[in-house]
Amino acid sequence: MKKAMIALVMLVCMAFTADAMYYQLQYRGTIGSNEVEVALGYNTGDAATGGKPYWISGSRYRYTKVGNGESITLKELSKASSKTWQFDEYSGGKLTGHWFVKQTNNGLEGTFRSAKTGKKYRIKLYNVQEEEWEW
């Protein structure tokens, strides 16, 4: 009985630890000349991954001054520990673009490539940290 109780306590502690390491990485900035807000689901790593960071589904962004404010889904293609982060962008279930960004001292910089036209736009995002964004 005592061993079972210890195991239960350890499982509860690991669950709380994993939750404590979850972050919503938040950014504001531009894609081309359009203002955006970006929220990436991120975990710093836990026992299950040997401490390696990983993505948590639910990453998305939205245009703040154009469009209807709906969020656009970002599907990670690279590991969270990579030097360059890559995402596919989906709107309405359709692939609409590709992101290639690198971390900087205060945010992310890179390019967006339209899946339809192949045209590239500059991404420049700055870190912000507010309450978790719900879209």
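Basis for what follows: all heavy atoms, side chains included, without hydrogens, waters or symmetry-related copies. Remember, it's a predicted structure, so these values are computed and weren't measured experimentally.
Across every non-hydrogen atom of Thr49 and Lys52, the tightest pair is OG1-O, 2.8 Å. Pairing each heavy atom of Leu77 with each of Asp88, the nearest pair is CD1-OD1, 3.3 Å. For the pair Pro53 and Ser81, the tightest heavy-atom approach, listed with the atom from each and the gap, is CG-CB, 4.0 Å. The two atoms that bring His98 and Ala115 nearest to each other are NE2-CB, 4.3 Å, heavy atoms only.
Within the 4.5 Å cutoff, the side chain of Thr111 has no heavy atoms near those of the Val101 side chain. With contacts defined as side-chain heavy-atom distances shorter than 4.5 Å, the pair Leu74/Trp99 qualifies. With contacts defined as side-chain heavy-atom distances shorter than 4.5 Å, the pair Phe112/Ser114 qualifies. The shortest side-chain heavy-atom distance between Phe87 and Leu40 falls under the 4.5 Å cut-off.
Ring-plane geometry between Tyr63 and Tyr61 is classed as perpendicular, the angle between the planes exceeding 60 degrees on a 0 to 90 degree scale with a lower cut at 30. Using the six-membered ring where Trp is involved, Tyr42 and Trp55 have ring planes that are perpendicular, over 60° apart on the 30 and 60° scheme.
From Glu70, atom CD reaches atom OG of Ser91 across 7.0 Å, with rounding to the nearest 0.5 Å. With values rounded to the nearest 0.5 angstrom, Asn127 atom CG is found 6.5 Å from Asn106 atom CG. Rounding to the nearest 0.5 Å places OG of Ser78 at 13.5 Å from NZ of Lys83.
Side-chain contact check for Tyr54 and Asn43: at least one donor-acceptor pair (N or O, by modelled atom type) lies under 3.5 Å. A donor-acceptor pair shorter than 3.5 Å cannot be found between the side chains of Tyr121 and Asn34.
Every residue two or more places apart in sequence or in another chain that forms a salt bridge (Lys or Arg N to Asp or Glu O under 4.0 Å) with Lys124 is listed here: Glu109. With sequence neighbours excluded, the residues forming a side chain to side chain contact (heavy atoms under 4.5 Å, CB included) with Arg28 are Glu37, Val128, Glu130, Trp133, listed by chain and number. By the side chain to side chain donor-acceptor pair (under 3.5 Å) test, Thr96 pairs with Glu89, sequence neighbours left out.
No donor-acceptor distance shorter than 3.5 angstrom exists from the side chain of Thr73 to the backbone of Arg60, with no hydrogens or angles considered. Judged by distance alone, the side chain of Thr30 and the main-chain N or O of Ser33 form no donor-acceptor pair under 3.5 Å.
Taken together through direct or relayed side-chain contacts under 4.5 Å among Ile, Leu, Val, Met, Phe, Trp and Tyr, Tyr23 and Leu125 form part of one hydrophobic cluster. Grouping the Ile, Leu, Val, Met, Phe, Trp and Tyr side chains by contacts below 4.5 angstrom, directly or via other members, places Leu25 with Ile72.
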Output, in order, the C-alpha distance, side-chain angles, deciding distance and verdict of side chain to side chain contact (heavy atoms under 4.5 Å, CB included) for Trp85 and Lys79.
CA-CA 7 Å; Trp85 290 345; Lys79 293 183 179 185; over 6 Å; no

